[in-house]
2 protein chains.
Amino acid sequence: MTESLDVTDWAILTEVQRDGRIPFTELARRVNLSASATKERVRRLEEAEVITGYRAEVNPERTGYPVMAVVRLKYPGPGTRHQPLRRLLEERAEILECLRTTGDDCYVMKVAATSMAHLEEIVDELAEFGSTTTNLVLSRTLPLRGPGVPRVNTVR
Amino acid sequence: MTESLDVTDWAILTEVQRDGRIPFTELARRVNLSASATKERVRRLEEAEVITGYRAEVNPERTGYPVMAVVRLKYPGPGTRHQPLRRLLEERAEILECLRTTGDDCYVMKVAATSMAHLEEIVDELAEFGSTTTNLVLSRTLPLRGPGVPRVNTVR
DNA sequence: ACTGAAAAGCAGTAGGG
DNA sequence: CCCTACTGCTTTTCAGT
């Protein structure tokens with residue numbers, strides 16, 4: 001599951017997590033390699049699914065979604081009927097992230113809404129599956145963060 | 001706070017959230033504009049902080065962080081001593097995201113760890129601030145998601 | 001606000017150590 | 001696994017509409 005990542009790979013990962021649009025020539029300079037060697041490493045990282053994609057980060061507050069909430073969902077019974085929830089996740093792009101967890105709550109979700117009424121609508125849909133707990137998000141660390149180099153580094 | 005985004009802006013946002021490294025020439029074709037007009041629009045979206053950056057998405061499981069958890073933190077008193085927590089967030093890149101919320105728990109965090117022992121270490125550090133609730137993440141929707149076009153669209 | 005064209009810079013590939 | 005060199009595209013800028 002875990003790949004062998006050397007110091008150069010981690011340097012690449014650090015840079016592309018910070019700036020996903022960095023040109024290979026500039027990235028190559030930063031990691032002290034030629035452009036083609038850098039490109040090959042990035043290709044391998046993508047192939048190994050270490051890098052799973054590149055995304056522009058869009059601020060929900062500036063795009064008409066001023067309300068953010070954490071909604072936790074508790075299934076009542078031994079629910080193997082998780083399929084309808086999957087479908088809701090597909091349809092509702094407002095559910096930005098959904099984590100299935102251990103513990104009392106089966107799912108923890110991060111939801112963006114255009115208004116409190118809109119949030120209520122989404123929570124109502126989720127409440128059809130089980131009992132929900134909703135907390136509004138007051139502020140957040142802008143997630144320009146990802147995994148960093150582990151303290152005990154893997155040596156190739 | 002919210003900018004006026006027309007249909008073309010949303011088309012751009014949709015594309016760059018899906019592929020953050022899409023060339024302007026290709027993006028221009030998709031939104032039926034010239035490359036330079038597209039670039040100008042993207043520049044404005046960046047300037048208005050609608051687009052806050054571009055990130056490579058790195059899979060924690062493939063980079064030596066197989067353990068993920070949601071940690072909720074409850075402050076005991078009327079804590080205005082949130083500053084030490086801020087510092088911990090800076091230092092600990094393993095805390096991928098931290099949301100300050102309403103409700104019983106002040107903070108909800110998403111944490112990546114190299115092992116259960118490592119997670120314990122982080123939780124211990126957080127427990128110095130208040131009482132914590134930790135839930136392991138079993139699975140998650142890969143967050144290739146972001147805000148989409150609201151149903152009631154803003155017209156410029 | 002958009003287009004089109006030109007210069008500079010970058011990506012992708014081949015050949016070789 | 002790395003390098004250099006070459007070719008064709010992409011980015012960036014700017015004059016014109």
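Below, chains carry the letters A, B, ... as their sequence lines are ordered, and counting in each starts from 1. Side-chain atoms are counted along with the backbone in the values below, which use heavy atoms only and exclude waters and symmetry mates.
Using a cutoff of 4.0 Å between basic side-chain nitrogens and carboxylate oxygens, A:Arg41 and A:Asp6 are scored as salt-bridged. A salt bridge does not link B:Glu90 with B:Arg86: every distance from a Lys NZ or Arg NE/NH1/NH2 to an Asp or Glu carboxylate oxygen is 4.0 Å or more.
Put simply, CZ on B:Arg29 is 14 Å from P on C:dT3, counting in whole angstrom units. Between the CD atom of B:Glu26 and the P atom of C:dC10 there is a distance of 21 Å, rounded to whole Å. Atoms CD1 (B:Ile22) and C1' (C:dC10) sit 17 Å apart, rounded to a whole Å. Between the CZ atom of B:Arg44 and the P atom of C:dA1 there is a distance of 4 Å, rounded to whole Å. Between the P atom of D:dC9 and the CZ atom of A:Phe24 lies a distance of 18 Å, rounded to the nearest Å. Protein atom CD of B:Glu40 is 15 Å distant from nucleotide atom P of D:dA15, rounded to whole Å. Between B:Leu33 atom CG and D:dT11 atom P the separation is 15 Å, expressed in whole Å. Protein atom CG of A:Asn32 is 15 Å distant from nucleotide atom C1' of D:dC3, rounded to whole Å.
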Can you list the steps and then say if B:Arg92 with B:Glu121 is a salt bridge (charged side-chain N to carboxylate O under 4.0 Å, His left out)? CA-CA 11 Å; B:Arg92 284 286 191 186; B:Glu121 195 181 297; 3.0 Å; yes
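Within the structure, every side-chain polar atom (N or O) of B:Thr25 is placed at least 4.0 Å from both OP1 and OP2 of D:dC9. Residue B:Lys39 places at least one side-chain N or O closer than 4.0 Å to OP1 or OP2 of D:dT12. At C:dG12, none of the side-chain N or O atoms of A:Arg43 fall inside 4.0 Å of OP1 or OP2 (strictly under the cut-off). Residue A:Ser36 places no side-chain N or O under 4.0 Å from the OP1 or OP2 atom of D:dC3.
The side chain of B:Pro23 lies closest to D:dT10 when the candidates are D:dC2, D:dT10, D:dT12. Out of C:dT3, D:dT12, D:dC2, the shortest distance to the side chain of A:Ala37 is found at D:dC2. For B:Arg21, the listed nucleotide lying nearest its side chain is C:dA11; candidates were C:dA11, D:dT11, C:dA1.
Nearest heavy atom pair, residue A:Leu89 against residue B:Thr141, reads CD1-CG2, 3.8 Å.
Of the N and O atoms on the side chains of B:Tyr54 and A:Gln17, not one donor lies less than 3.5 Å from an acceptor on the other residue.
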